[in-house]
Amino acid sequence: MNQLTRLLSLQTIVCFCCVVLFQVGLLRAADQRQRPNIVVVLVDDLRWDEIGCMGHPFVRTPHIDRIAHEGARFRNAFCSTPLCSPVRACLLTGQYTHNHGIFDNINRSKHSHTLKTFPQSLQKAGYDTAYVGKWHMGNDDTARPGFNHWVSMKGQGTSFDPVLNENGKRVKHTGHTTDVLNQKVNAFVKQKREKPFCIYIAHKALHPELTQRDDGSITDPSAAKFMPANRHNRLYTNDAIPRRLNVMDNLEGKRALQRSISGLPPLSRETGTSDEVIRDRLRMLAGIDEGVGMLWKLLNHQGQLDNTVFIFTSDHGYWYGEHGLSVERRLPYEEGIRVPLLVRYPPLVKAGTVIDQFAVSVDLAPTILDLAHVKGDQKYDGESLVPLLKGEQPKDWRKSFLIEYNSDTVFPRLVKMGYQAVRTLHWKYIRYNELEGMNELYDVQNDPYEMKNLIDLPQSRAIVKTLQAELQRLAN
């Protein structure tokens, strides 16, 4: 009888263990089903107002606009460093530039291999991760940690006939780089898989064609040329280019921009970006919009569209002649730091949502991990945007953010113009690191074009003191 009892007890234990394992398996499977696919489309140098859904008067971006119409549109999204390499690290790490250590555009390939990025966390959690496009933290095109699938180019890459490192093998392609990258994206998404995927698409466009040295520096920034696909060469030929009021800025109070620079003309409307350069930028954008449409169609065909978080954004802005500026996009004025940010994910985000709270580059990493139900393994300077995407109105949401830039020698006009700045709902304070007596203060609520520097007014002293303290808090 004791032996029979023992056998029954053993059978009970075995059955119990089987049930537990089965339930664990179901929970894991359910967890995988709940985890969405992630698509991030990052455009190079795209201003916040260069797409249709953000109010551009004639540009045609129907597929990009659809993300906003069926999801959320952020009206106050900003970059934390208006320079390619540093802000790309901000996006991937969720950290400000002074914390992640990619300070500028010189060749920091070695350090970029050590960054702790959100794709690494996703990969550990079972995601199939891919990077397609321009890495641009140095010239190194080899795979970085965190990606199962890697397609990238050296440095800035080229606008036509790119050579791509495809999982360790360099392949030369024919055609416009945007088209080639779109094809590589679709090829990855078409692969059969049983787990969720994350693909980070970093386009070469809208960046101009530049000649780059081995250390990552540019030989002649003034020779930059935007090169769209041939089929788009005649787009917008007869459309009048919109200009903001600050193209007429006489730079009164902007002592840093008034400096005399050997070999360069003073900043004025004549030194700004030409109409045809702007048209070529918008023509390059047409290829990106087509790629978004093709990816949208593919995901819909697979039945995966509504189970995919679709994010569209940019690294930083560009000048259309505001304050007389053109290629020197590194300064913290609104046109350089504001970016588009669109998010579509029907299970969470109501169609047509408009969000006015501040969103910053450093928010991307914690937001994606939150959406994927994955815990990151480091401290983030950013915040998850999920509460805002849900339609909540957190009372303690940020009222300020940090903008920072470290001086380099690529653009002669910007030598010694490294700075730290703080932007609040009402004010922007810019503190230059090396220039004495040239700091700036703008009432961005009443002076949105940043035409009048208030730094020297007696009534500004208390405001400056408050903003200096906030800047110190954010920079630590």
Side-chain angles (χ1 to χ4, degrees), residues 35-44 46 64 67 79 84-95 100 102 112-113 115-137 140-153 157 164-167 177-178 180-189 191 193 195-205 207 288 291-292 294-296 298-299 304 308-316 339-345 361-372 374 376 380 382 385:
R35 286 181 173 174
N37 303 312
I38 309 288
V39 170
V40 178
V41 179
L42 178 68
V43 185
D44 202 320
L46 179 68
I64 295 169
I67 303 170
C79 71
C84 289
S85 295
V87 77
R88 286 165 187 269
C90 294
L91 289 160
L92 286 162
T93 65
Q95 295 182 325
H100 63 59
I102 303 292
S112 75
H113 278 269
L115 296 176
K116 291 184 177 180
T117 65
F118 76 81
Q120 292 174 352
S121 297
L122 292 178
Q123 187 185 53
K124 291 176 184 177
Y127 269 77
D128 189 10
T129 56
Y131 193 96
V132 175
K134 171 182 168 181
W135 179 258
H136 192 214
M137 294 179 217
D140 181 5
D141 62 359
T142 61
R144 273 32 175 208
F147 297 101
N148 304 109
H149 184 78
W150 179 266
V151 178
S152 191
M153 58 193 74
L164 301 178
N165 183 326
E166 301 180 29
N167 296 313
T177 298
T178 301
V180 174
L181 295 179
N182 287 336
Q183 293 164 10
K184 296 300 176 183
V185 167
N186 289 348
F188 172 78
V189 174
Q191 294 174 12
R193 56 177 59 83
K195 54 186 178 180
F197 68 83
C198 170
I199 184 166
Y200 196 101
I201 309 157
H203 279 288
K204 156 75 174 175
H207 204 280
I288 294 174
V292 169
M294 288 187 290
L295 181 53
W296 191 289
L298 173 58
L299 289 168
Q304 289 292 316
T308 299
V309 175
F310 209 122
I311 300 173
F312 179 92
T313 191
S314 169
D315 54 357
H316 53 75
V339 296
L341 177 58
L342 314 175
V343 182
R344 182 190 187 273
Y345 183 45
S361 308
V362 292
D363 296 333
L364 183 70
T367 298
I368 288 177
L369 293 178
D370 194 0
L371 289 166
V374 173
Y380 299 104
L385 300 172

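Along the sequence shown, residues are numbered consecutively beginning with 1.
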Original post:
Pick one: which of His207, Arg88, His316, His136 meets side chain to side chain donor-acceptor pair (under 3.5 Å) with Asp44?
Top reply: Arg88
Subject >> Any side-chain heavy-atom pair of Leu341 and Leu385 under 4.5 Å >> reply: yes
**OP:** Identify the heavy atoms of Ser152 and Gly133 that sit nearest to each other, and give their distance.
**Re:** OG-O, 2.7 Å
Original post:
Quick one: salt bridge (charged side-chain N to carboxylate O under 4.0 Å, His left out) partners of Asp363, sequence neighbours excluded?
Top reply: Arg398
Subject >> Side chain to side chain, Met294 and Val185, heavy atoms closer than 4.5 Å >> reply: no
Original post:
Do side-chain atoms of Gln95 reach the backbone of Ala89 as a donor and acceptor pair under 3.5 angstrom?
Top reply: no
Subject >> For Ala205, side chain to side chain contact (heavy atoms under 4.5 Å, CB included) partners two or more places apart >> reply: Thr178, Met284, Ile288
Original post:
Can you tell me how far the NZ atom of Lys195 sits from the CZ atom of Arg35, to the nearest 0.5 Å?
Top reply: 11.5 Å
Original post:
So which of Val39, Val43, Val292 actually passes side chain to side chain contact (heavy atoms under 4.5 Å, CB included) with Ile201?
Top reply: Val39
Subject >> Residues forming a salt bridge (charged side-chain N to carboxylate O under 4.0 Å, His left out) with Lys116, sequence neighbours excluded >> reply: none
Subject >> Side-chain (Thr117) to main-chain (Leu92) donor-acceptor, under 3.5 angstrom >> reply: no
Subject >> With sequence neighbours excluded, residues passing side-chain hydrogen bond (donor to acceptor under 3.5 Å, both in side chains) with Ser85 >> reply: Asn105
Subject >> Nearest non-hydrogen partners of Tyr127 and Cys198, listed with the distance >> reply: CD2-N, 3.9 Å
Subject >> Contact check, side chains of Val151 and Glu166, non-hydrogen atoms, under 4.5 Å >> reply: yes
Original post:
What's the spacing between Ile311 CD1 and Leu371 CG if we round to 0.5 Å?
Top reply: 6.5 Å
**OP:** List in chain and number order the residues that pass side-chain hydrogen bond (donor to acceptor under 3.5 Å, both in side chains) with Asn167, two or more places apart in sequence or in another chain; answer none if no residue qualifies.
**Re:** His149
**OP:** May I ask you to establish whether Arg193 and Phe188 are in a cation-pi arrangement, using a distance under 6.0 Å from NZ or CZ to the six-membered ring centre and at most 45° from the ring axis?
**Re:** yes
Subject >> Partners meeting side-chain hydrogen bond (donor to acceptor under 3.5 Å, both in side chains) with His100 (sequence neighbours left out) >> reply: none
Subject >> Residues which pass side chain to side chain contact (heavy atoms under 4.5 Å, CB included) with Asn148, listed by chain and number, not counting sequence neighbours >> reply: Gln123, Asp128, Thr129
**OP:** Compare all side-chain heavy atoms of Met153 with those of Thr177 and state whether any distance is below 4.5 angstrom.
**Re:** yes
**OP:** For Pro36 and Pro196, work out which heavy atoms get closest and say how close.
**Re:** O-CB, 3.9 Å
**OP:** Could you check if a side-chain atom of Leu164 sits within less than 4.5 angstrom of a side-chain atom of Leu181, using non-hydrogen atoms only?
**Re:** yes
Subject >> Any Leu369 side-chain heavy atom under 4.5 Å of Leu122 side chain >> reply: yes
Original post:
Between Ser121 (side chain) and Gly376 (backbone), is there a donor-acceptor pair under 3.5 Å?
Top reply: no
**OP:** Please name all residues satisfying salt bridge (charged side-chain N to carboxylate O under 4.0 Å, His left out) with Asp140, sequence neighbours left out, ordered by chain then number.
**Re:** Arg144
Subject >> Partner residues of Asn37 under the side-chain hydrogen bond (donor to acceptor under 3.5 Å, both in side chains) criterion, sequence neighbours left out >> reply: Gln304, Thr308
Original post:
Tell me, do Leu342 and Ile64 make a side-chain contact under 4.5 Å, heavy atoms counted?
Top reply: yes
**OP:** Determine whether Phe118 and Val374 make a side-chain contact, defined as any pair of heavy atoms from C-beta on separated by less than 4.5 Å.
**Re:** no
**OP:** Not counting sequence neighbours, which residues clear ring-ring contact (aromatic ring centres under 6.0 Å, His included) with Tyr131? List them please.
**Re:** Trp135, Phe147, Trp150, Tyr200
